[in-house]
Protein chains: 2
Amino acid sequence: MTMGVRHDDLRKRNRAMVIAAVRREGQPSRTDLVNRTGLSHSTISAISSDLIAEGVLRQVKGTGNDIVRRGRPQVSLGLEPRAGTVLTVVLLLNTLSATVIDYSGRTIAERRERLSTLTISRDELVDAVCAMVEGVLSDSGHEAGDVMRMTMAVQGITDSDARALLWTPITPHSGIAFADLLENRFGFPVTVQNDCNMIALALRARDPERYRDNFVTILLSNGIGMGLVLRGELFTGAYSSGGEFGHMIHRPHGALCRCGRHGCIEAYAGNYAILRASEGYSDQSEPDADVDQDTMLRLAGDARRQDGPARDAFTRAGEALGYGLGSLFALIDPAPVAVVGPGTLAFDIIEPAIRKAIAQTAGGQHDAVISFDLQTDEMPLILEGCARKALEAVDTELFAPGYINAMQAAAG
Amino acid sequence: MTMGVRHDDLRKRNRAMVIAAVRREGQPSRTDLVNRTGLSHSTISAISSDLIAEGVLRQVKGTGNDIVRRGRPQVSLGLEPRAGTVLTVVLLLNTLSATVIDYSGRTIAERRERLSTLTISRDELVDAVCAMVEGVLSDSGHEAGDVMRMTMAVQGITDSDARALLWTPITPHSGIAFADLLENRFGFPVTVQNDCNMIALALRARDPERYRDNFVTILLSNGIGMGLVLRGELFTGAYSSGGEFGHMIHRPHGALCRCGRHGCIEAYAGNYAILRASEGYSDQSEPDADVDQDTMLRLAGDARRQDGPARDAFTRAGEALGYGLGSLFALIDPAPVAVVGPGTLAFDIIEPAIRKAIAQTAGGQHDAVISFDLQTDEMPLILEGCARKALEAVDTELFAPGYINAMQAAAG
DNA sequence: CTCTTTTTTTCGAGCCTCGAAAAAAATAAT
DNA sequence: ATTATTTTTTTCGAGGCTCGAAAAAAAGAG
């Protein structure tokens, strides 16, 4: 369990740190790396020349951002694009997309298609993903053998080993072992990740100032998703991807949720919940599997225009989200919240109710810390987070093996 | 932020690991340590002889548990009791206790006194703690200068730096900077910890099989407390000790809680809530600051004997706890639960309601994983956890400095 | 063309861990 | 009583890693 630290773990750890620093910083010089990592010039020099020799890093000249000044000019280091290729697949409601990305993070090829995820069979779904992978691979001019890793983001609950989709609202099928299926088919390692978690990774990469140690991302769509970063690390459950914020209970025995239970936050704040409340249906009526954007915009318009069932529905949605966030903050303390997805288009209507509800909870005392940052379009964030996840896995596993062990040893 | 690993951090890390292994195992031989840590015989030999020379460890002969067999007999290593002294103080409602403990974990002196925490002034409270420390120190024959560290456990919310008591139900005063006050007075470093977190540490030490990576401890008393261990580490909030399970919202706009808000879990499951519901008072009536054990036993007896307000009250308490646990499990996945405190005496009445409620939530699907383990007397657990916290801090900070840095580097 | 400044590499010193071999300390066998 | 065997622990040399200091490299300034 608790393992000692071998001598050569040191080098692996420091190699991993250098690669990670280059990925974060973009094109740092060796001196930048010295400052960033706290290692000595000698060590940085040794490690970076090793990595260049191995084809992981490369020297970049004329980056433009080099300040002209006295002294030997800094040489920027960058990731060698040809060091490897990764694949990402994003599977959402009625949408499937795949991307081939080089080691430096640049997109080489990309495909997207519509797909009736709700109605197709399990096998058709798996076949569609496989066909998508093959298609985008051929677009990119690569073969499966070139791919070092694939990360798949899905809407729904994945297992904690990131190998299977346990449950999802986008298809009635459950327990789809995508990692096994795809690994057998293509041969490269595959992980399956929750979409909101990928959004969280993307936000951290985009704005490390704001999103670093502790933050929450909430996805407002037909369902309610959450990604949670605590102590700088993505939080996942013991058995599943966890973070099922949408299915915390807002009102015992309350409104019918898409998951079949009653009173979940989602059963008040999901698009289908807002729709059925606005239209005057019972909160026990069957949830819609999808509500199109136009409908939601119309309801939001109604809510803004006049007091009535639509405004009440959005207010109740905000209340559910607010009490949920309040309970979450009772556990983890308040943190910045990024609100992502189509629901942000009506966030002006929801936010007052959210804040009012939070004020009634243990989180209320920290009103100032709680800020909402809106990002309407979630797709680019999912793609970006997914790519980062895959690339960072390659960074450590392939180019600094043993890093994982050293980490565990430190934590143990 | 992310720091490289220096060469000598290695030794510090491995020293810390050896000390920690000795503390966990009791009296391991060098060979046991080799197996436990994965380090080589040479390294273990070098580190342990260093530690013996420094007076941190000592060789123990004739431990009795040595199996008689062929070959050179193993020599057990133990913690040198004289290597240091730590102090623990536990401050609960109307109770103050202090203990002096040697480095091996044996209690040298112990004092306990009743104290009307609800009514005394802020200064009197601080003075009482100081007097207690001085008293128990003189009992132990030590001086303040001998003490390497003190850990104080309090009922209530502490700040995340473990230096102040932010809020507590045991006194109307808030924001008491115990760590600063005591450090200025006595000179040794002090941390202030939440009582439930200390219970969690004690349980992990007592039964590492059951309580290791993920588990929950719930304290049922006049208030509801929680200690949460996730990924093997005590979970604390970003600003406070966090884990305010008792103040997650069970019913928006619901029963009046001791914290002044409405609908908290505690406002249904705390002793005062069970009392006022059993006696037919409004759930908006002022909470009692303390309910004595006899009253609770009487109510529990009523509840067992016949259907009526008492039974309803316990059922509602269980429901609140169950929905709360369900929401918690939606976030973190189900985990074993240890239920501690006087509330366990009525747990037979509450448990069915808890399980029924959990079954309605996202945690319900994992019914088998959720098991309740009862410990009625919380005081010994708090003491034990507190002592462990102090001793482990001494282990790393004093005898393996730099370990912390290496950990952070690994995590970063 | 030389001086100054800044970045990067080189080199030797000092630690640390490891494996192999030796030493130590007991029991079992002769 | 002495030798063989077994197991634990220590010793010792090899190999690696990081570090600081010094050297080398590569530019602008004068």
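Just so you know, these numbers use all the heavy atoms, side chains as well, and skip hydrogens, waters and symmetry mates. First the proteins, then the strands, lettered A, B, ... as listed; each starts at 1. Not measured: the values here are computed from a predicted model.
- Nearest to the side-chain atoms of B:R72 among the listed nucleotides D:dA26, D:dT7, C:dT5 stands D:dT7.
- Ion pairing between a basic and an acidic side chain is recognised when a charged N comes within 4.0 Å of a carboxylate O; A:D213 and A:R231 show no such pairing.
- Put simply, CZ on B:R15 is 16 Å from C1' on C:dT17, counting in whole angstrom units.
- The distance from atom CZ of B:R70 to atom P of C:dA29 is 6 Å, rounded to the nearest whole Å.
- Contact check for B:L391 versus B:I101: side-chain heavy atoms found under the 4.5 Å cut-off.
- At the phosphate of D:dG16, neither OP1 nor OP2 sits under 4.0 Å from any side-chain N or O atom of A:R11.
- Here C:dT8 is the nucleotide among C:dT5, D:dT8, C:dT8 with the atom lying nearest to any side-chain atom of A:V75.
- By the 4.5 Å heavy-atom criterion applied to side chains, B:P81 and B:R106 are counted as neighbours.
- In this entry the distance linking CD of A:Q74 with C1' of D:dA27 reads 12 Å, nearest Å.
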Go through the steps to decide whether A:S76 and A:Q27 satisfy the test side-chain hydrogen bond (donor to acceptor under 3.5 Å, both in side chains), and finish with yes or no.
CA-CA 5 Å; A:S76 295; A:Q27 301 200 312; 5.1 Å; no
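- Rounded to an integer number of Å, the gap from CG of B:L10 to P of C:dG14 is 19 Å.
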Would B:V100 and B:T107 count as a side chain to side chain contact (heavy atoms under 4.5 Å, CB included) here? Give the steps.
CA-CA 6 Å; B:V100 178; B:T107 299; over 6 Å; no
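- Residues of residues 40-53 of chain A that place a heavy atom closer than 4.0 Å to DNA chain C, in numerical order, are A:H41, A:S42, A:S45.
- Between the CZ atom of B:R13 and the C1' atom of D:dC17 there is a distance of 15 Å, rounded to whole Å.
- With D:dC19, D:dT9, D:dC17 as the candidates, the nucleotide lying closest to the side chain of A:L39 is D:dC19.
- Contact annotation: the side chain of B:V190 never approaches that of B:R149 to less than 4.5 Å [non-hydrogen atoms, C-beta and beyond].
- Counting to the nearest Å, the C1' atom of C:dT17 and the CG atom of B:L33 are 16 Å from each other.
- For the pair B:Q59 CD and C:dA25 P, the computed distance is 11 Å after rounding to whole Å.
- Note: CG (B:L77) to C1' (D:dT8) measures 12 Å, nearest angstrom.
- Checking the phosphate oxygens (OP1, OP2) of C:dT17, a side-chain nitrogen or oxygen of B:N14 falls inside 4.0 Å.
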Evaluate B:D102 against B:V86 for side chain to side chain contact (heavy atoms under 4.5 Å, CB included), listing each step before the verdict.
CA-CA 6 Å; B:D102 72 22; B:V86 301; over 6 Å; no
